[in-house]
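Note on naming: letters A, B, ... go to the chains in the order of the sequence lines (proteins, then strands), and numbering restarts at 1 for each one. All values below come from the heavy atoms of this structure, side chains included, with hydrogens, waters and symmetry mates left out.
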Amino acid sequence: MNSSPMPAAPPPPSAQRASPLLEVSAIAKHVQGPEGELTLLKDINFTLSGAESLAITGPSGSGKTTLLGLLAGLDTPSRGEIRLDGKTFSSLSEDQRASARGATCAFVFQEFHLVADMNVLENVMLPLELAGREKPAASAKDWLERVGLSHRMRHFPSTLSGGEQQRVALARAFAVQPRLLFADEPTGSLDHANGKRIIDLLFELNQHSAAALVLVTHDPQLASRCQHHLELHEGTIINSSFADAKAVTASPVEKAIPHE
Amino acid sequence: MSKLLRPWRDHSFQLLALALAIAAFALSAVIFLRAELEQRFSVSTAEALGGDLVLAGSRTPEPQQLAKIASLRVSQIIDFSSVLVHNDALLLVSARAVDANYPLFGQIQLANDRFADEYSQNKGPAPGRVWVADQVIDRLNIAVGATLTVGSKALEISAIIRQLPDQNAGFYSMNPRIVLNSVDLAATGVMGPGTRIRQQSVVAGEPEAIQQLALNLDTSLRPDQKLETVADAALRSLGPLRQLSLWANLAVLLISLLCGAAIYLATAQRVRRRAKLAGLLRSFGASRYQVIAQLLGWEFLAILPAVTVGSALGIALINLTLGTGGSLPGPSMISASALEWSSALFAPLLLWLAFALPRLSALVRVPAIEILRQRQQSSVLGTNIELLAALSAPVLLAGLLTASLGELGRVLGLIAALGVLLPALLWPLIKSLDLASARLPLAARLAIRRLSRRPALTLPLLVSLTLAITVLTLAGQTGSQLLADWRTRLPSQAPNHFVLNLFGQDMPALEQWLEQHEAIAQPLYPVVRGRLSTINGVPVKEAVTKEKKSAQRHLNRDLVLTEASTLPSSNRINSGRWHGADLRASALEQPAQLSGNTALQRVSVEQEIADRLGLQLGDQLQFVTSRGLLSATITSLREVDWNSFEPNFYFIFASGELAAQDVTWITSFWLPEGDGARLAELLSELPHITLLDVKSLLDKAQGIIAQASQASALLGALLMFSALLVLAAGLLGGQQQRGRDNALLRALGGKQFLIKRILWIEFLCLSGSAALGATAISLLALYPLNERLFQQGLSLSAWQALPLALACIVTICGLLASRKALQQPALSLLRSNED
Ligand SMILES: Nc1ncnc2c1ncn2[C@@H]1O[C@H](COP(=O)(O)OP(=O)(O)OP(=O)(O)O)[C@@H](O)[C@H]1O
Ligand SMILES: [Mg+2]
């Protein structure tokens, strides 16, 4: 059996909230729509340190995906600042952001996004190769073993079930030993049982890798498994477990008072 | 209306329409080109023959024969020899008496003065008038307007003949011509019982009528009569035009095939995009008929403008270049038959029916459940039926293009074989490249994987590109060689004047004159006139059998004999050995003339006349010349290219063997454009020589060459463009996945530079292997092609670099087409993008 014990985790997570990993201060996102400017997000503040987990919830269209995209540096905020590991994201060029992302972050997408013409092993190796890591094949195999797919290494994604594909995606995400993992509704395309398996695996791997986790989900139960919780509504935080998030206190009454 | 425009918003439809338009353009252009060439060719053959059918004999045809041809347009022509007397001068001429219908085809080129500009006329001389050739004016020292006595009838010279439409090229009859009206013939009194005449009944009519008439007449021919039709004549001398139209057909067939491939690939993408709509329609309860109308009917109607525009442009192009604006003389608007019009329109539709419709019709079968599924359906290659339909199209097209499949059959078979063989050969190569790539840098590895893991896309692309580049290279190389051949045959300073009847003592004066006027002279050929008297000791009248009666006219005239040590470049030995190569020609040998008339000389005979006279290698011929008898053994039979602008001869003796005869000389020269007075100068100095002007013939031939090279350049460009369309269609199909992969690379930390590099390597690999394959195939194909098309070696040339140049173009186009996929933001991964 391959249920080998989890490897001795790299540097153990510091229990106390030491250096902040992700600092978000007063960001907002506007886009130019056909009917004038549209505000997708505003007044978002929080700080996440290493090894903490954060769940972002909210109704559909509340801006969860938009926020995740900003946090991961896939997009830039219209206002405010995001600092990843002390570096201000918005001041970096597109390529610098890609490098910073490659070195620190990993993703799990709702639609898996495995490369169709690479086999399972090659898919897991891809980010390792991009980051120029040593022996990408060995560590990719190692991680495939941990998600229980070492026997499917030479298969192509199209021959795997959705759950299996997402497990490959998990292996791909953790293989780079990220300090920050982004997951946007990772169970959104899976049935309940498979979804639960993936989530269990995600938390299990996360615990051992000591990475911080930002998880977008509709599932309150899932959200409750995270240390922190942000709830969005129409682009603003209506509920936050962060002490320093100013918007936490924003009660509906306060919201009704015009800011400007 | 908006329903017609809606499909145009889809890129795959735009591409499909563009491919159809290109194919329509090429197809209609070549169909019209062929119609035009064929018509011109048969017109010019008919002109050279005098009519669509010629019944020639030594007497007037029988009454029942005349009755058979009476219903068609007929002209009666009588050719005879006569002696003109003017003052004290005598001149032997070839006279022709023509009726009011002459000429049935073409124009007579006339001039009012010896060196005046020529003008055209489509009728023979009026009664009481006579037209004469330049030489008559020169030799008799006479002018237009003067009176000339033919036999016992005085006729007024009303024009100088520059060219008759049916004037035989070559030097068969060197007597100057005169033309008179047949009304005056009786009055001349030259038509006595013993007079040798050649009577021609020239008929014009529709091909079917002519064919019927030929069958009818064939049974009633007298021994002295001979029948010739345009079809017979055309078969003999198609020449370069045939090669040109074969190339054009092949190129267009390939263009259509490539456009077909582009249509096929673009349709796959179109179907993918329409499948959801089809499923929706079915789930809303639409009937099969409604789905057909909605999805296929409008698609078809929307494609029609593209076909129409393409065809119209192709037809317009041919009309513009060959019609009024063209440099070749011809009708102002190309007259195409209904068949040509309909095939120009139908051929592109055939492409749509074969390449697009079968795939599109899959939409009709889409079940309602499709809407619930999210899967990536419909493979690039499609079902067997779809493939079969697509593969049958080329056969039908080839049929449309050539009417007979035989001509293109072999080429088509070759293409088909390549289409099957290439993937079989290329695939293992790509696979091994994939395995070998494990050690390559990341970018190269990712690029090669993209190619090797998508065979359904990579292989058609690779095959299309390889085929297109191969054909372009081959066509470029052989085509340029053909054109170069024609050009060397017709250099810009090809001789535009011929001089006959030069005597040895004329040479200094001629040379001086040539030098003064910067004329470029060609070699001199000695000429001896003689009649063939015996073949193997048997008098020719008996030796030439009844069936060979048509050869009689060769026997009743002076033949032109020459000698040469080297084989003229436009001649080829069919059998025997060229005497120049024989050791017996050595100077040590006893000089031929010393051994007298009985000595066996060696003669090389032109194949066609040998066939007519029933001559074979080793036969002994005896000629009667002004110096007595001349005997010779046939040592070789030659084929002569009568299209070449060089003096050509039926009988060529070995060098030195005519030295004892009365020799005159023939030469040709190129004279720069200028006034005719220079020629008058020459003629006043050497009044007995015969001067022929072949400038107009030359201009015509050079015009054809110029147009042929333009046409081949255009076809080449279209061919490459259609190969790029295949590339575009292939890329369009994979664009979504490409974009997603690039976005993923970005999300995982890949830099823009890396992504660009992957793309570069991918296209370089693709076009590079196509170029490599094309180079290999063209080198392989060049050898047999070389053997068949050219006698002399086909040198490797800069054309071998063409595949590389084309590969660069392909790479650049591929990169340009992939710009959009390159720019897809990583953010798009977070949103489900069914674009
Ligand atoms: N580029 C854009 N232009 C205009 N509007 C946008 C753009 N991107 C997102 N939006 C809008 O912003 C809002 C938030 O979108 P987002 O995808 O972040 O929602 P979400 O919370 O992830 O919803 P779901 O749970 O359905 O995934 C939506 O109303 C969406 O329409
Ligand atoms: Mg979302």
Interatomic distance, Gln110(A) atom CD to Leu829(B) atom CG [nearest 0.5 angstrom]: 12.5 Å
Thr66(A) versus chain B, the contacting section by heavy-atom distance below 4.5 Å: both
Residues that Asp191(A) engages under side chain to side chain donor-acceptor pair (under 3.5 Å), provided they are two or more places apart: Asn194(A)
Worked verdict on Glu122(A) versus Arg453(B) for salt bridge (Lys or Arg N to Asp or Glu O under 4.0 Å): CA-CA 12 Å; Glu122(A) 287 164 346; Arg453(B) 305 282 169 86; 2.6 Å; yes
Atom pair CZ (Arg445(B)) and CE (Met118(A)), whose distance is rounded to the nearest 0.5 Å: 9.0 Å
Side chain, backbone, both or neither of Phe182(A) within contact of chain B (heavy atoms, under 4.5 Å): neither
Spacing of CG belonging to Leu827(B) relative to OG1 belonging to Thr65(A), to within rounding of 0.5 Å: 9.0 Å
Heavy-atom check, side chain of Glu94(A) versus side chain of Lys751(B), under 4.5 Å: no
Contact winner vs chain A - Pro825(B), Gly750(B), Ala826(B), Ala747(B), heavy-atom pairs under 4.5 Å: Ala747(B)
Toward chain A, the part of Gln752(B) with a non-hydrogen atom under 4.5 Å: both
Engaged part of Arg454(B) at the chain A interface, taking heavy atoms whose separation is under 4.5 Å: side chain
Chain B contact via Arg172(A) - side chain, backbone, both or neither, heavy atoms under 4.5 Å: side chain
Stepwise side-chain contact (heavy atoms from CB on, under 4.5 Å) check, Phe109(A) with Leu744(B): CA-CA 10 Å; Phe109(A) 302 100; Leu744(B) 186 67; 3.8 Å; yes
Rounded distance (nearest 0.5 Å) linking atom CG of Leu830(B) with atom NE2 of His113(A): 7.5 Å
Spacing of CG belonging to Leu130(A) relative to CG belonging to Leu446(B), to within rounding of 0.5 Å: 7.0 Å
Asn119(A) side, atom CG; Arg449(B) side, atom CZ - distance, nearest 0.5 Å: 7.0 Å
More than 12 heavy atoms from other groups under 6.0 Å of NZ on Lys431(B): yes
Option that, when pairs with chain A are counted at under 4.5 Å, heavy atom only, ranks first among Asp741(B), Leu748(B), Leu754(B), Leu745(B): Leu748(B)
Proximity breakdown for Ala116(A) and chain B, heavy-atom pairs closer than 4.5 Å: both
Whether over 12 other heavy atoms sit under 6.0 Å from Trp760(B) CH2: no
Among the listed options Asp95(A), Val176(A), Leu68(A), the residue most often paired with chain B at heavy-atom distances under 4.5 Å: Asp95(A)
Backbone of Leu114(A) reached by a side-chain donor or acceptor of Arg740(B) within 3.5 Å: no
Partner residues of Glu23(A) under the salt bridge (Lys or Arg N to Asp or Glu O under 4.0 Å) criterion, sequence neighbours left out: Arg83(A)
Glu134(A) atom CD: more than 12 heavy-atom contacts under 6.0 Å: no
